[in-house]
Amino acid sequence: LIGIDVAKETDFPEWYQQVLLKGDMLDYYDISGCYILKPASQFIWDEIRAWFDAKIKKMGVKNCSFPLFVSEDVLNKEKSHIEGFAAEVAWVTHGGSTKLEKKIAIRPTSETVMYPYYAKWIQSYRDLPLKLNQWNSVVRWEFKHPQPFLRTREFHWQEGHTAHLTKEGADKEVLEILEHYANVYEQLLAVPVMRGRKTDKERFAGGLYTTTVEGYIPATGRGIQGGTSHCLGQNFSKMFGITVQDPSAKADEKKDPLFVWQNSWGLSTRVIGVMVMIHGDNRGLVVPPRISEVQVVIVPVGVTAKMSDDDKQALHKEITGLQEVLRAVDIRCETDFREGYSPGWKFNDWELKGVPLRLEFGPGESKGHFVTTSRRDLPKEESKGQIAITELNTAVPELLEKIQADLYERADAQFKSHIKQITNWDEFVPALNDKNVCLIPHCLTEECEDQVKDLSARKAEEQSDVPQDERAPSMGAKSLCIPFEQPAGIEKGVTKCTNPQCSRLAEAWCLFGRSY
Ligand SMILES: O=C1CCCN[C@@H]1CCCn1cnc2ccccc2c1=O
């Protein structure tokens with residue numbers, strides 16, 4: 001077993017691939033854009049699912065399962081909804097050697113699968129609010145460079161689809177869900193995110209507005225969309241005829257039926273890729289304790305050939321005892337008694353896997369009644385400590401919480417120090433080239449955004465004749481979100497849009513950045 005043989009700061013894409021493979025998170029599959037989630041990453045997704053599922057259950061959301069397949073007619077129900085996405089739809093055209101009369105789509109998302117049944121099931125306002133969620137996988141046949149977890153042709157996610165009597169009911173839920181998404185990142189993955197709204201160019205065109213949590217990858221200086229919660233307005237209920245009688249109508253009064261107000265919201269296994277990219281280092285994965293399959297590993301040390309079998313037995317027995325103490329306080333603790341491997345070899349192995357805390361235990365520790373600790377989130381030379389055995393069941397949980405908090409604090413400091421508030425256009429591209437995202441006064445129009453993207457793309461990209469799908473990720477800056485927390489400094493009717501080619505007034509501070 002060898003370690004990572006490329007530095008994160010030297011060749012990030014290669015580093016990322018090695019960290020995932022050598023950290024035993026996934027394996028590559030013979031179909032491009034598809035990956036195998038091995039237990040280490042499945043555990044993380046299961047933890048996130050358990051946490052988020054409990055939150056939405058408290059909101060009255062129920063889980064369900066709709067079919068994987070969408071008929072061509074149903075998928076194309078509304079041209080406007082599908083036109084921007086048609087190129088990504090994967091189709092089933094044969095059953096065995098028999099060609100199907102009409103091809104069948106594999107769901108890329110489930111609006112068109114579910115909403116004909118919402119129209120059938122929702123008859124009265126008493127059927128509202130209807131709140132259903134699916135934990136499933138979807139397929140989008142992208143041609144851009146696939147990236148494990150970040151951009152894959154099949155991915156696992158949850159997709160929530162709700163229907164409400166009023167816009168107020170929908171609006172409230174959109175933000176509740178977004179806050180749960182933000183907490184998945186901040187509380188479980190130790191990843192800071194910015195909450196905001198998408199611009200007209202970046203929002204889900206089929207909806208009314210899109211709210212989003214945006215992350216930041218320090219290694220590349222790129223923003224990344226972390227999860228979206230859309231208010232669909234009445235667009236889909238008008239498309240699918242999802243109506244209820246107006247509850248305010250008097251007994252004999254005839255009122256027009258009401259179109260319901262809908263939301264849809266999704267969070268995917270992309271969250272795992274974000275966590276790896278932010279916390280990983282040149283020794284491999286660094287997994288935040290709250291979602292780490294192994295939180296503590298105990299490695300025997302100081303076991304020499306001249307040690308008697310009895311002494312070795314005694315040491316193992318003591319170590320097993322320590323494991324029991326930690327398991328008794330719900331810590332996911334393993335021991336590494338593998339014969340024929342040195343402690344150093346074992347340290348590297350568990351460091352590759354990102355286990356957040358290692359305990360070393362040998363004759364010295366035994367005699368002194370303590371364990372030697374090593375934190376995975378700190379450089380080797382700063383990582384060591386000691387805990388008295390009598391303190392183990394309180395000090396170890398505390399140390400794990402400290403590691404969780406420090407991982408978040410470091411990532412938050414990095415994010416904050418790479419958000420540049422800019423009002424002078426000449427500083428925009430240099431800031432991007434310095435791995436920053438930029439907060440600028442902006443008019444929020446799609447046309448202006450297109451200009452900013454072109455103005456900020458590196459010249460080389462525009463002239464290069466490399467076919468689109470091999471080209472490196474775009475160097476043009478896109479809008480990431482309109483932050484809910486708006487700084488001061490924009491004088492309505494006075495402050496101009498930052499784009500020099502735009503003559504419009506600034507509507508809000510808008511976060512721009514190169515992105516995934
Ligand atoms: O984000 C979410 C959250 C979960 C439920 N769906 C919404 C919106 C999905 C937008 N979208 C995204 N890619 C697509 C690809 C092919 C066909 C349709 C679509 C499509 O509608």
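Numbering starts at 1 and runs along the sequence shown. These figures come from a predicted structure and were not determined experimentally. Atoms considered below: every heavy atom in the structure, side chains included; atoms not considered: hydrogens, waters and symmetry mates.
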| task | For Lys478 and Ser515, indicate whether the former's side chain and the latter's backbone hold a donor-acceptor pair under 3.5 Å. | result | no

| Glu447-Thr445 side chain donor-acceptor pair, cut-off 3.5 Å | no

| message | When you compare the side chain of Lys420 with that of Glu427, does any pair of heavy atoms fall below 4.5 Å? | response | no

| query | So, Thr210 versus His230: side-chain donor-acceptor pair below 3.5 Å or not? | reply | yes

| task | Give the C-alpha distance, both sets of side-chain angles, the deciding distance and a yes or no for side chain to side chain donor-acceptor pair (under 3.5 Å) between Asn282 and Glu9. | result | CA-CA 9 Å; Asn282 289 329; Glu9 54 281 356; 3.2 Å; yes

| task | Please assess Gln295 against Val287 for the test side-chain contact (heavy atoms from CB on, under 4.5 Å), listing each intermediate value before the final yes or no. | result | CA-CA 9 Å; Gln295 294 172 313; Val287 184; over 6 Å; no

| said: Are more than 12 heavy atoms, taken from residues, nucleotides or ligands other than Lys312, located less than 6.0 Å from that residue's NZ atom? | reply: no

| request: Take the angle between the ring planes of Phe337 and His316 and call it parallel below 30°, perpendicular above 60°, tilted in between. | output: parallel

| field | Nearest non-hydrogen partners of Asn63 and Ile56, listed with the distance | value | OD1-CD1, 4.4 Å

| said: Could you report the tightest heavy-atom contact between Ile482 and Cys510, atom names first, then the distance? | reply: CG1-SG, 4.1 Å

| query | What's the verdict on side-chain contact (heavy atoms from CB on, under 4.5 Å) for Glu214 and Arg195, showing C-alpha distance, side-chain angles and the deciding distance? | reply | CA-CA 7 Å; Glu214 295 291 323; Arg195 299 147 174 82; over 6 Å; no

| said: Any carboxylate oxygen within less than 4.0 angstrom of a Lys/Arg side-chain nitrogen, looking at Arg375 and Glu382? | reply: no

| task | For atom OH of Tyr341, decide whether the heavy atoms of other residues, nucleotides or ligands shown that lie under 6.0 angstrom number more than 12. | result | no

| task | Determine, step by step, whether Gln18 and Asp5 satisfy the side chain to side chain donor-acceptor pair (under 3.5 Å) criterion, reporting the C-alpha distance in whole Å, the side-chain angles of both residues, the deciding distance to 0.1 Å, and the verdict. | result | CA-CA 8 Å; Gln18 286 196 28; Asp5 61 23; 2.7 Å; yes

| task | Decide, yes or no, whether a salt bridge links Lys38 with Asp27 under the criterion of side-chain N to carboxylate O below 4.0 Å. | result | no

| Side chain proximity check, Lys8 to Ile4, heavy atoms < 4.5 angstrom | no

| field | Any side-chain donor near an acceptor of the partner, Glu159 and Asn133, under 3.5 Å | value | no

| said: Keeping His94 on the side-chain end and Gly96 on the backbone end, is there a donor-acceptor pair under 3.5 Å? | reply: no

| Got a donor-acceptor contact below 3.5 angstrom from the Thr152 side chain to the Glu154 backbone? | yes

| What do the steps show when you test Asn499 against Trp425 for side chain to side chain donor-acceptor pair (under 3.5 Å), and what is the final call? | CA-CA 6 Å; Asn499 167 9; Trp425 173 258; over 6 Å; no

| field | Any side-chain heavy-atom pair of Trp135 and Arg49 under 4.5 Å | value | yes

| request: Please test Phe52 against Tyr181 for ring-ring contact (aromatic ring centres under 6.0 Å, His included), starting from the C-alpha separation and ending with a verdict. | output: CA-CA 8 Å; Phe52 184 74; Tyr181 285 168; 5.4 Å; yes

| Closest heavy-atom pair and its distance - Ser137, His156 | CB-ND1, 3.8 Å

| query | Looking at Phe347, is Arg358 sitting on its ring face, NZ or CZ under 6.0 Å from the six-membered ring centre and within 45 degrees of the normal? | reply | yes

| Does Ile104 reach the side chain of Val70, with side-chain heavy atoms less than 4.5 Å apart? | no

| When you measure from the side chain of Arg376 to the backbone N and O of Lys353, does any donor-acceptor pair fall under 3.5 Å? | no

| task | Consider only side-chain N and O atoms of Trp157 and Asn136, and report whether a donor and an acceptor are under 3.5 Å apart. | result | yes

| Strictly under 6.0 Å, is that where the ring centroids of Phe415 and Tyr216 end up? | yes

| said: Counting C-beta onward and ignoring hydrogens, is there a side-chain heavy-atom pair between Glu449 and Thr199 closer than 4.5 Å? | reply: yes

| task | Could you pull out the closest heavy-atom pair between Glu111 and Thr109, with the gap in Å? | result | OE1-OG1, 2.7 Å

| query | When you look at Asn183 and Trp51, which way does the side chain to side chain donor-acceptor pair (under 3.5 Å) test go after all the steps? | reply | CA-CA 10 Å; Asn183 290 334; Trp51 186 92; over 6 Å; no

| field | Trp509 side-chain N/O to Pro487 backbone N/O, donor-acceptor pair under 3.5 Å | value | yes

| request: Tell me, yes or no, whether the heavy-atom count around Tyr28 atom OH, taken from other residues, nucleotides or ligands under 6.0 Å, exceeds 12. | output: yes

| query | Hey, is the main chain of Asp336 close enough, under 3.5 Å, to the side chain of Lys346 for a donor-acceptor pair? | reply | yes

| remark: Taken in chain and number order and not counting sequence neighbours, the residues that satisfy side-chain contact (heavy atoms from CB on, under 4.5 Å) with Ala190 are His279, Pro288, Gln404, Leu407, Tyr408

| task | Using the side-chain contact (heavy atoms from CB on, under 4.5 Å) rule, take Leu359 and Val299 through it: C-alpha gap first, then chi angles, then the decisive distance, then the call. | result | CA-CA 6 Å; Leu359 305 183; Val299 178; over 6 Å; no

| message | Any side-chain to backbone donor/acceptor pair from Asp281 onto Gly284? Under 3.5 Å, distance only. | response | yes

| query | Under the side-chain contact (heavy atoms from CB on, under 4.5 Å) criterion, do Val89 and Trp141 qualify, and how do the steps go? | reply | CA-CA 6 Å; Val89 178; Trp141 213 258; over 6 Å; no

| request: Locate the shortest heavy-atom distance separating Phe149 from Thr269; write the atom from each residue and the value. | output: CD2-O, 3.5 Å

| query | Within a strict 4.5 Å, meaning less than it, do heavy atoms of the Val437 and His418 side chains meet? | reply | no

| task | For Gly23 and Ala40, work out which heavy atoms get closest and say how close. | result | O-CB, 4.4 Å

| Any donor-acceptor N/O pair, Gln323 side chain to Thr335 backbone, under 3.5 Å | yes

| query | Between Gln386 and Thr372, does any side-chain donor sit less than 3.5 Å from a side-chain acceptor? | reply | no

| Any donor-acceptor pair under 3.5 Å from Lys22 side chain to Gly3 backbone | yes

| field | Any side-chain donor near an acceptor of the partner, Arg514 and Asn436, under 3.5 Å | value | no

| Geometric cation-pi criterion Arg153 and Phe143, 6.0 Å radius, 45° cone | yes

| message | With a 4.5 Å cut-off on side-chain heavy atoms, are Ile440 and Thr423 touching? | response | no

| message | Main chain of Leu75, side chain of Thr112: is a donor-acceptor contact present, judged purely on distance under 3.5 Å? | response | no

